[in-house]
Amino acid sequence: MGYDLATTPPIQAAVIEDALRADFDIMDALAQITRLVERGAVLIMSGIAWDLLDSTTADWFFLQRRALAAAGRAGPEVQRTLDGFTYWWKNELFGDVPAHHELRWEAHLSFEERVFEWGPGLFPFLAPVASESAERALVERGVVKPLGFRYVGLKRSHVLPPNGPPAP
C-alpha cells in the first residue's frame, strides 16, 4: 500500500514514510487518504526533497558514495563521475517522482499544514556507515543542505480549489 492508516473507523490518522520514492504513486496515495480520513484527521509524512539537491551537497554526497565503493561497502549503482551521479539521481533514481513542492501543494489542498521542518535525508543512501545524527551535524555546520522533510497536517473541512484558496 505504501502508507498506514489508523485501522478503527472513523479513520483519524495516516502516516506516509519515504513519500517521494520510485515505484510509489504518492499523488494517488494522497488522494486515497483524503477520501478515507475524516475532517480533522492527522496526516504525517516524511521524505526527501530530491529536487533540491544543490551542487555543493551533490559533490559531498558523491564523494561519500565513492569512498564507500572504494571500501567495498556500496552497491553496484555507484557512479564514476559527478555528472554521472547527478544524472542517476535526477533521471534514474527519481525520474518519475514528483518534486517536493508538488506534493506539498497537493497536501495543502486537503490538509492544513501544522508543521513542516527540514532535516537530514541522505544518510539512508550511505548506510551502513552514516547516521541521521552525523548528517544533522553536517547540516547545522552548513556542509550539506537539509533535504529530508517532515510534514504534519490536519484534514480541512473542504478541499480547496486547485487554482488556490477561494476568494474572501
Side-chain angles (χ1 to χ4, degrees), residues 1-4 14-34 43-153 160 162-164:
M1 183 186 313
Y3 56 88
D4 291 321
V15 177
I16 306 173
E17 291 183 286
D18 196 15
L20 295 173
R21 64 182 185 269
D23 301 325
F24 178 61
D25 187 343
I26 181 58
M27 298 306 190
D28 182 58
L30 189 57
Q32 288 180 40
I33 288 169
T34 299
L43 171 63
I44 302 169
M45 288 191 292
S46 66
I48 184 166
W50 65 270
D51 52 309
L52 295 183
L53 183 72
D54 63 354
S55 60
T56 302
T57 304
D59 187 49
W60 173 86
F61 190 31
F62 168 71
L63 292 173
Q64 298 305 306
R65 290 176 49 84
R66 293 294 297 158
L68 284 174
R73 301 185 92 175
E77 74 283 343
V78 175
Q79 294 67 40
R80 294 169 120 8
T81 66
L82 182 56
D83 287 341
F85 166 78
T86 303
Y87 180 86
W88 167 78
W89 181 263
K90 291 180 179 177
N91 298 299
E92 294 177 17
L93 188 60
F94 292 108
D96 294 330
V97 178
H100 84 283
H101 65 274
E102 294 174 29
L103 171 60
R104 200 168 175 189
W105 174 253
E106 286 300 317
H108 168 75
L109 296 175
S110 300
F111 293 85
E112 179 184 334
E113 185 176 290
R114 292 298 178 99
V115 175
F116 190 91
E117 64 182 21
W118 293 104
L122 297 174
F123 67 94
F125 296 95
L126 300 172
V129 296
S131 69
E132 183 176 0
S133 61
E135 185 178 341
R136 184 174 307 284
L138 293 170
V139 166
E140 289 170 358
R141 291 194 327 248
V143 175
V144 298
K145 186 175 187 175
L147 299 181
F149 66 84
R150 291 191 176 102
Y151 168 97
V152 178
L160 298 177
N163 297 348

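Keep in mind that the numbers below use all heavy atoms, side chains included, and drop hydrogens, waters and symmetry copies.
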Novice: To the closest 0.5 Å, what do you measure between CG (D59) and CD (Q64)?
Specialist: 10.0 Å
Novice: Atom CG of D28 and atom CD1 of I33: how far apart are they, to the nearest 0.5 Å?
Specialist: 10.0 Å
Novice: On the 0 to 90° scale, with breaks at 30° and 60°, tag the W88-F85 ring pair as parallel, tilted or perpendicular.
Specialist: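 Rings of W88 and F85: tilted, 30 to 60°.
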Novice: So do L122 and T57 actually touch side chain to side chain, heavy atoms under 4.5 Å?
Specialist: yes
Novice: Test salt bridge (Lys or Arg N to Asp or Glu O under 4.0 Å) on E132 and R136; report intermediate values, then the result.
Specialist: CA-CA 6 Å; E132 183 176 0; R136 184 174 307 284; 3.1 Å; yes
Novice: Should F125 and W89 be marked as a ring pair (Phe, Tyr, Trp, His ring centres under 6.0 Å) after you check the CA-CA gap, both sets of side-chain angles, and the distance that decides it?
Specialist: CA-CA 11 Å; F125 296 95; W89 181 263; 5.3 Å; yes
Novice: So do the side chains of W118 and L52 get within less than 4.5 Å of each other, counting heavy atoms only?
Specialist: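 The answer is yes; the side chains approach within 4.5 Å.
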Novice: Taking all heavy atoms of L30 and all of A107, pick out the closest pair and write down the distance.
Specialist: CD2-N, 3.5 Å
Novice: What distance do M45 atom CE and F149 atom CZ have between them, rounded to the nearest 0.5 Å?
Specialist: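 That separation rounds to 6.0 Å.
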Novice: What are the two closest heavy atoms between A19 and I26, and how far apart are they?
Specialist: O-CB, 3.5 Å
Novice: How long is the gap from CZ on R114 to OH on Y151, to the nearest 0.5 Å?
Specialist: 10.0 Å
Novice: Quick check against the 3.5 Å criterion: does E135 have a side-chain atom that pairs as donor or acceptor with the backbone of G121?
Specialist: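 Yes, E135 side chain to G121 backbone: donor-acceptor pair under 3.5 Å.
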Novice: Side-chain contact test, heavy atoms from C-beta onward, threshold under 4.5 Å: evaluate it for F62 versus T86 and give yes or no.
Specialist: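 The answer is no; the side chains never approach within 4.5 Å.
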Novice: How long is the span from the CH2 atom in W60 to the CG atom in L126, to the nearest 0.5 Å?
Specialist: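 With rounding to 0.5 Å, CH2 (W60) is 5.0 Å from CG (L126).
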Novice: Please tabulate, for the side chains in residues 90-103, all donor-acceptor contacts under 3.5 angstrom to protein atoms that are two or more places apart in sequence or on a different chain.
Specialist:
unit_1: N91; atom_1: ND2; unit_2: Y87; atom_2: O; d: 3.3
unit_1: H100; atom_1: ND1; unit_2: D51; atom_2: OD1; d: 3.3
unit_1: H100; atom_1: ND1; unit_2: D51; atom_2: OD2; d: 3.1

Novice: Atom CD of E113 and atom CG of L43: how far apart are they, to the nearest 0.5 Å?
Specialist: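 If I round to the nearest 0.5 Å, the distance is 10.5 Å.
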Novice: Of all heavy-atom pairs between R80 and R66, which one has the smallest distance, and what is that distance?
Specialist: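 Smallest interatomic distance, heavy atoms only, reads CA-NH1, 3.9 Å.
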Novice: With side chains defined as the heavy atoms from C-beta onward, is the minimum distance between F24 and I16 less than 4.5 Å?
Specialist: yes
